[in-house]
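We name chains A, B, ... by the order of the sequence lines, and we start the count at 1 in each one. Remember, predicted model here, so these are calculated numbers, not experimental data.
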Amino acid sequence: MSPGRLPPEFFERPTLQVAESLVGHTLYRQTPEGLVAGRLVEVEAYCGPADPNSHAFRRTPRSAIMYGPPGILYVYLTYGMHHCSNIVCEADGTAGAVLMRAVEPLEGLELMAARRGVTDPKLLAKGPGRLCRAFGLSREDNGTDLASGGVWVGRDRRLEGLVRTSYRIGVDATTDFPWRFYEPGPWTSGRKNPPSPARPELDAPIG
DNA sequence: GACACGATGGGCT
DNA sequence: GCCCATCGTGTCT
């Protein structure tokens, strides 16, 4: 069932590199209620002080976790009712995280549907807030170690197409970088799929 | 303390 | 496409 976990070393790399290579891997979540799993089809890279749109642009009590060791879950609340979950990247001391925006549901669809209140598989985990709801992730899961906790990423990868890039969702594109990595398809939150980068000079790792 | 504001999503037009 | 709920977090006084 589970192919084993990606090790912390996988996440101890440049955030952009982790984000690109994370697409296609499976996210798992084990709780007393059961197991749910989904293939990551859409992620976004958020870097440190050089990324104005990242929480880690400034180091605060909330964003401090992004400066910590890699392979740790960073979950926060937004709009008072939705959660967003990230995986901390880079070496301890360097800020960076990958926001998980959408998965293709693979296992535990009934549990996801119960948590979400919908049954359409295409709506179960499309969007960061829906993904968190479907996987039962909340602020209580902030700080979970993917190497030992009830959340992990499988040592697997399946791609059904090319991994494409675009500007990130929900931030002003004129101040943004094309750091969204996604596999186009029915599972991706593509409602406002921005076009491919128009500023290739920015399409390079920072730091 | 007070206050403005979201790395969103559901409902309605 | 437009509206807006809802509350933790960060910033300012």
Would you mind reading off the distance between [X] atom [atom1] and [N] atom [atom2], rounded to a whole angstrom?
| X | N | atom1 | atom2 | result |
| --- | --- | --- | --- | --- |
| A:D120 | B:dG10 | CG | P | 12 Å |
| A:R62 | C:dT9 | CZ | P | 7 Å |
| A:N142 | B:dA7 | CG | P | 16 Å |
| A:R58 | B:dA7 | CZ | C1' | 16 Å |
| A:Y79 | B:dG10 | OH | C1' | 14 Å |
| A:I169 | B:dG6 | CD1 | P | 16 Å |
| A:I65 | C:dG10 | CD1 | P | 13 Å |
| A:K126 | B:dG10 | NZ | P | 12 Å |

Q.
Contact between A:I65 and A:N86 at the side-chain level, heavy atoms closer than 4.5 Å - yes or no?
A. no
(Q) Are A:L35 and A:Y28 packed together at the side-chain level, in the sense that at least one heavy-atom pair is separated by less than 4.5 angstrom? (A) yes
(Q) Quick check for you: to the nearest 0.5 Å, what is the distance between A:L40 atom CG and A:R101 atom CZ? (A)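 Between A:L40 CG and A:R101 CZ, I get 12.5 Å after rounding to 0.5 Å.
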Q: Using a heavy-atom cut-off of under 4.0 Å over every strand shown, decide if A:L77 touches base, sugar-phosphate, or nothing.
A: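 Sugar-phosphate, backbone atoms only, no base.
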Q: Select base, sugar-phosphate, or nothing to describe what A:R59 touches, counting heavy atoms under 4.0 Å on all strands.
A: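 Contact class for A:R59: none.
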[X] side-chain N/O to [N] phosphate OP1/OP2 under 4.0 Å:
| X | N | result |
| --- | --- | --- |
| A:R168 | B:dT8 | no |
| A:R130 | B:dG10 | yes |
| A:R116 | B:dG9 | no |
| A:R133 | B:dT8 | no |
| A:H55 | B:dA7 | yes |

Q) Are the aromatic ring centres of A:H83 and A:Y76 under 6.0 angstrom apart? A)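 Aromatic pair excluded; centres sit 6.0 Å or further apart.
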Q: Let me know, please, whether A:R139 or A:M81 comes out on the 5' side of the other along DNA chain C by nearest nucleotide.
A: A:M81
Q) If we require ring centres under 5.5 Å and near-parallel planes under 30°, does A:Y76 stack on C:dG8? A) no
Q. Which nucleotide, in any strand shown, forms a Watson-Crick or G-U wobble pair with C:dC12, with both distances under 3.5 Å?
A. B:dG1
**Q.** Pair A:E42 + A:R180: basic N to acidic O under 4.0 Å
**A.**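 A salt bridge is present here (some side-chain N lies under 4.0 Å from a carboxylate O).
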